[in-house]
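Down below is the structure, laid out as structure tokens.
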Number of protein chains: 2
Amino acid sequence: MREKTERIVREWSDSCDAEVSIAVLGGAWKPSILTLLGEHEVLRFGELGRLLQDPTSRVLTRQLRELEEDGLITRTVYRQVPPKVEYRLSELGVSATPLLGELTRWGTQYAEQQRSSLNRVPSPSE
Amino acid sequence: MREKTERIVREWSDSCDAEVSIAVLGGAWKPSILTLLGEHEVLRFGELGRLLQDPTSRVLTRQLRELEEDGLITRTVYRQVPPKVEYRLSELGVSATPLLGELTRWGTQYAEQQRSSLNRVPSPSE
DNA sequence: CCGGATCCGCTGAGATACTG
DNA sequence: CAGTATCTCAGCGGATCCGG
């Protein structure tokens, strides 16, 4: 578990475990990574990079390491030349897929509603 | 809508609306604020501060303003001395409560699992 | 191919002090 | 009571370059 995650897990023993979820799932590319791994079962580092439209490898590596530390994904290294590394969801990662679905659903609905209200004439009071 | 939220809503038109949800719900105290407002219907600034165990008023104000800008809560000001300001969930805020419930549920489960695995003897490989 | 090392700007959270 | 005004400080995301 990452130090950041651990800190949050310890401090918020009650009352706001939602912050735990956000600490683990929040972060650049993380929801996308988990969603893609849920769809493809297994992906290599380069495949993930392409599917995500090329984050810098530095950043992608960090996110993958954090997800691994937090126990959501597994990393399999094949010691060969050229190297080959596979990522897939762990059991814990699989357990998060329904939640990711809910996050996506609500986010989509929110975005649509906000977009449509942008097109309406602002009320006189604002 | 906050500029940050708007940026995310525009950029991720497809494929990762989960980031939208996290952008809106993530942030210090926000899940707690929304949960409390869901339970109490209406709360004043000071009441919120006490229930949250005293974040600095600077921080609490910022979070409330952001939630308001993103359309999740409403702010009612009574022009009187001493001042009185009430916060409650908007319709959009109410629509997020099931999601918050899911976040809390998964977070709780995750925290418990991680805590119990901390107590187990680490495997020889680590 | 899959990274590690280094540097860097920005935002978010908090401490502290003050106010209509 | 319900904030605002300043300041600080850490950490994240990203760019760039290097390496087994």
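Throughout, a chain's letter reflects where its sequence line sits, starting with A, and its residues are numbered from 1.
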To the nearest angstrom, how far is [X] atom [atom1] from [N] atom [atom2]?
| X | N | atom1 | atom2 | answer |
| --- | --- | --- | --- | --- |
| B:R62 | D:dT4 | CZ | P | 11 Å |
| B:L60 | D:dG3 | CG | C1' | 10 Å |
| B:L67 | C:dG12 | CG | P | 13 Å |
| A:R2 | D:dA10 | CZ | C1' | 15 Å |
| B:E3 | C:dC10 | CD | P | 13 Å |
| B:R58 | D:dA5 | CZ | C1' | 9 Å |
| B:K84 | C:dG20 | NZ | P | 23 Å |
| B:Y78 | D:dG3 | OH | P | 13 Å |

Describe the nucleic acid contact of [X] in one word from base, sugar-phosphate, nothing, applying a heavy-atom distance below 4.0 Å.
| X | value |
| --- | --- |
| B:Q63 | sugar-phosphate |
| A:R79 | nothing |
| B:G49 | nothing |
| A:Y87 | sugar-phosphate |

What's the spacing between B:L64 CG and B:L72 CG if we round to 0.5 Å?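 With rounding to 0.5 Å, CG (B:L64) is 11.5 Å from CG (B:L72).
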Please compare B:E86 and A:P83 by the position of their nearest nucleotide in DNA chain D and report the one closer to 5'. B:E86
Can you confirm whether B:T35 sits close enough to B:S32 that some side-chain heavy atom of one is under 4.5 Å from a side-chain heavy atom of the other? no
Charged N to carboxylate O under 4.0 angstrom, [X] versus [Y]?
| X | Y | answer |
| --- | --- | --- |
| A:R50 | A:E47 | no |
| A:E66 | A:K4 | no |
| A:E112 | A:R115 | no |

From [options], nucleotide with atom closest to [X] side chain:
| X | options | result |
| --- | --- | --- |
| A:A28 | D:dA2, C:dG3, D:dG13 | D:dG13 |
| A:V59 | D:dG14, D:dG3, C:dG4 | D:dG14 |
| A:R65 | C:dG4, D:dG3, C:dC1 | C:dG4 |

I'd like to know if B:T61 reaches the base of D:dG3 with its side chain, counting only an N/O donor and acceptor under 3.5 Å.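 For B:T61, whose side chain was compared with the base of D:dG3, there is no donor-acceptor pair (under 3.5 Å).
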Classify the side chain of B:T56 versus the base of C:dG14 as yes if they form a donor-acceptor pair under 3.5 Å and no if they do not.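 For B:T56, whose side chain was compared with the base of C:dG14, there is no donor-acceptor pair (under 3.5 Å).
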Would you indicate, yes or no, if D:dC1 has its OP1 or OP2 atom less than 4.0 angstrom from a side-chain nitrogen or oxygen of B:R44? no
For C:dG14 and B:W29 - does any side-chain N or O of the residue sit under 4.0 Å from the phosphate oxygens OP1/OP2?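 Answer is yes, contact under 4.0 Å.
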